[in-house]
Amino acid sequence: MTQAAPAARASVIPRPHVLSDLARRPAGVFGLITVVLLALILAVGPLLAPYPFAKQDVSHRNEGPSASHVLGTDHLGRDLLSRLLTGTRIALGTAFPAVLAALLAGLVLGLVAGYAGGRIDNLTLIILDTVQAFPTVVLMLALLALLGPSTRNVIIVIALTFAPGYARVTRAQVLAVKENPFIEVERSLGASGMRIVFVHILANVLAPLFILLAMDLPSAIATEAGLSFLGFGVRPPTPSWGVMLSDGFSRIRTSPWPVLWPSLALMVTTLGFTFFGEALRDILDPKLAGSRRA
Amino acid sequence: MAPLLRVEGLEVTYHTREGSFKALADVGFEVQPGEIVGIVGESGCGKSTVAAALLRLLPPNGQITAGAIQLREMDLLQQSEDQLRRIRGKDLAAIFQDPMTSLNPVFTIGTQMQDIQRAHLERAMSGGEELRARAQEVLTRVGIPDAGERMDQYPHHFSGGMRQRIMIAMALLSRPSLMIADEPTSSLDVTLEAQILELMKELRRDFGTSIVFISHDLGVIAQLCDRVIVMYAGRIVEQAPAETLFRAARHAYTQALLASIPSYRRRGEPLAAIPGMVPSLLNLPRGCKFADRCSHVQLMCRGDEPPLVSTDTGQVRCFNPFPSESPDRPATARGAATLNWVVATTGELRSPAERPPVVLQLADVSMHYRQPHTLVDRLLGHPPSVVHAVDHVSLDIRRGEIVGLVGESGSGKTTLGKTIVGLLPCTGGRVVYDGLDMAAASQTELRGMRLRVQLIFQELYSSLSPRLRIAYLLREPYLIHRLPAAERYTVAQLLEMVGLSEEQADKFPHELSGGQVRRVGIARALALRPEFLIADEPTSGLDVSVAAKILNLMKELAAQLGLTYLIITHNLNIVGYLSHRLAVMYLGALVEVGPTARVFEAPAHPYTLALLSAIPEPDRARQPARPRLLLQGEIPSPKNLPSGCRFHTRCPFVEERCRVEAPPWREIEPDHWTACLFWEKVRQQSAGTAA
């Protein structure tokens, strides 16, 4: 090994062979495939759609899968595949930024509260408690009524209601990590509070957040769906998985297909992200590396 | 006499993801009734696996693949799980290392002891009263005062030493014929360790219990055992009566282990460090497993594995064992070398005027802290309780000196170390470093001082940030202090300085061994080119041979870089070996300070005398002829200091005056200070019998 190599590579960033490690775990592979597939659909999905998502074909309503409509049609004769592909973009495009924003806000709050302790910690907890004390849906509806329904506002509202969860998980982790002797060692070397929090503590609290993120993503998609259903989110005829679900649900006795596809999509996404998150955690945590099988 | 326990050709295989390996191979020994057999070796040598196999408590991936274990007439390997349960705890009892976690925290001691009896009595023949009485009797026997009342307390009410006594009491309930003790004293202080060893000897004498005693500490083994088994890489390499073994070890590994123990007698000599590491069991060499580290290895050692052959007193697994009569060991040929070293590195023998200047001055330093004072406490009018962690400590350390700070846990040593580097506030007195009063210093001056004084923490793995690579950890001090490139060492230089290879730079802390982690800790402390190092328990948690290497390294670095050391430890062997001056601390205060030689040879405080006599000495012949002074009880709480002399509650020399009068701090000979009213009496006793 050359002398320069360790210096250049040493950092908080995990080992470079994350992907190959991931490929060795069946659940990880499934997760990875799902995530990559969703990303692809996100990027080019609407181009693949055989029909415009709002095009109605009244002569073929409530049909099952056929050659012309691979996944069937809904009660207005719209092509389900086209709607599902477009809906993916809406669903993830809302859920991902929302959860990411929640994570960032929660992370910062949690780090500060946990490390500073005392009054700052108490104040933060009071704020978190206040937000969490509201019934989620009521809070969201109230906020959306104030802000007005739009995709951007849905993102803000979801981020706001999800952030306390991240803040709490982060704070609990920080409280545990900061009792470790190595924090005191850093202080004895003269490290600043910023360095201790953002180099040493941060690296140790991220892992559980990853998995929380992966598991929150589907629930954010569902939330978006619910809000859209109530008329506060995505406006029809734009399809989101939620809109499709609620449309299909009221006509489930006529045809199961409109409910089946978005449900399946939601399920696969949930599982995929959860497995991906768990595999990622196992790999990224150097202490767990090799000790756990996925 | 028929042996109580006979183990023959025992082989244990572990199945792991990396493959299967034999943790034990061809292990055979006997234990006679009433005999204490010691099993010794470094970590990873299979000592604990022997204990687990004897109890048939191997982890699920472990399997006994060959051999036989016979307890009296009974073949333990043929017993069903049900039968085994009846045997364990009745015929066979076990005591484990960690007394803190071996007791169930939610049940009282009395309940737990009664449960054990219920489980083992054939029929529920006795009522609760009877069980309780029996439990109380056994607890009293192992030295729990007021056993009747204390039985209703929970484990957390007891200190570590007390809990280990309780564990022993539980093991004793059924009068087992064989007790297996796996490192039972390793987490205890020397004084408590001595008490527990004494207790075990008494048990053997009174009940005729046989004991298999597993330890990494040769000194402890020598104190207690009749016969010793030395293990290496899952094999028995030597077996001999304790006296023979420590006088004339036949196997090179045993010899090397013995030579790597630091002690006062070895002052000035380098410790014999065994090169290399214990080989991985997954990848053992073909021939003798010790060949790679052996000092007198021969060609044939690499071919076949040597068999365990009988000698006149025991067994040894070596083609070319050392002769049974010990030649003059180099250990005895010291003297001049020691003297030179001592003179060269410090001013121990120089006149006061020639000595190097004082670099660190502790003047009346105190560190008191308040326990949380709750609203309820205030309403009830309880005064806030103040913990006197460090109480009026005054000590001057000169440049280039190595000062040892010793005391039991709870004596405030670590707190003092942290107070010196400013991690804890000093609530009274002054810490002056090189003329700079830390309390009055500005932020920049304090930062500068941080560079010059470094603390090496006692924790091993938990003292390094777990998600950062070694290279980053080594460069971090520079990132923090933004030193110019000219004043930096490179990562490679730092690694080399502490004897690590460059491959280690790319690893995470958990991928290193304990010794390597300790070296990284030292390297990080050295990165800023400090002049003064405070080393808190530098060898805790390390095997003897690894500890020897660390001590050698510290000594080399001191000479190379002109460092001054304050070594904080409970292990008198280390400071006796390494330090020029010794400071003995008890309950937050210094009780004796003096040149190491004087303190070791003529202690002037009963606490020092007690610590010295608690040192487990491997070579019984070399045991100082002074009477052993076994301290009773444990260190009191620093919340309510005893009146008068703070040591009077445990002092064997105690007189009425000690209870009321705090002893003055006086210089009894040049540079030798003590805080005892009756130091002359103490000295008479220690010196009188030694002469």
Side-chain angles (χ1 to χ4, degrees), chain A residues 1-17 24-25 117-118 173 176-208 210 281-294, chain B residues 16-18 417-418 420-424 446-451 453-482 490-493 495 501-511 521 524-525 527-528 530 534 536:
Chain A
M1 182 161 312
T2 63
Q3 205 172 315
R9 271 180 45 204
S11 72
V12 203
I13 304 161
R15 282 170 296 169
H17 38 86
R24 260 186 262 130
R25 301 154 194 265
Q173 292 271 312
V177 172
K178 91 173 173 179
E179 293 306 317
N180 273 301
F182 72 84
I183 297 297
E184 208 177 14
V185 174
E186 294 300 329
R187 284 211 292 136
S188 86
L189 281 174
S192 62
M194 290 292 270
R195 164 168 284 276
I196 291 176
V197 170
F198 287 101
V199 176
H200 297 282
I201 294 184
L202 182 65
N204 286 289
V205 301
L206 276 182
F210 270 118
R281 177 200 55 189
D282 291 354
I283 294 164
L284 293 189
D285 192 334
K287 280 183 290 183
L288 287 177
S291 66
R292 253 182 223 229
R293 266 162 280 198
Chain B
T16 66
R17 273 223 288 175
E18 286 80 29
K418 288 182 179 170
I420 294 174
V421 294
L423 279 175
L424 294 172
L446 275 182
R447 262 177 87 87
M449 140 98 191
R450 283 251 156 104
L451 297 175
V453 184
Q454 286 292 324
L455 174 64
I456 300 171
F457 285 68
Q458 63 178 310
E459 289 84 4
L460 279 175
Y461 290 93
S462 53
S463 68
L464 294 181
S465 199
R467 284 167 190 268
L468 297 170
R469 286 169 204 282
I470 302 306
Y472 183 88
L473 289 170
L474 290 177
R475 279 186 301 123
E476 194 178 29
Y478 302 126
L479 301 177
I480 294 170
H481 290 282
R482 300 200 183 80
T490 63
V491 170
Q493 279 173 321
L495 287 171
S501 66
E502 276 184 36
E503 292 154 44
Q504 316 301 348
D506 224 18
K507 293 191 173 162
F508 285 106
H510 72 273
E511 294 172 305
R524 289 189 83 193
L528 296 171
I534 301 174
D536 195 354

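In the text below, chain A, chain B and the rest are named by the order of the sequence lines, each starting its count at 1.
Using a 4.5 Å cut-off between heavy atoms, B:Leu479 touches chain A through backbone and side chain atoms alike. Proximity to chain A is limited to the backbone of B:Leu464, based on heavy atoms less than 4.5 angstrom apart.
Two residues are said to be in side-chain contact when any heavy atoms from C-beta on lie closer than 4.5 Å; A:Ser192 and B:Ile480 fail this criterion. For the pair B:Pro466 and A:Phe182, the minimum side-chain heavy-atom distance is below 4.5 Å. Using a 4.5 Å heavy-atom cutoff, the side chains of A:Glu186 and B:Glu476 are in contact. Using a 4.5 Å heavy-atom cutoff, the side chains of A:Glu184 and B:Glu459 are not in contact.
Atom CG in A:Asn180 sits 10.0 Å away from atom OG in B:Ser463 (nearest 0.5 Å). Atom CZ of residue A:Arg187 and atom CG of residue B:Leu455 lie 11.5 Å apart, to the nearest 0.5 angstrom. In this structure, B:Arg467 CZ and A:Ile201 CD1 are separated by 13.0 Å, a value rounded to the nearest 0.5 Å.
When all heavy atoms of B:Gln454 and A:Leu189 are compared, the pair lying nearest together is OE1-CD2, 3.3 Å. Taking each heavy atom of A:His200 and B:Ser465 in turn, the nearest pair found is ND1-OG, 2.8 Å.
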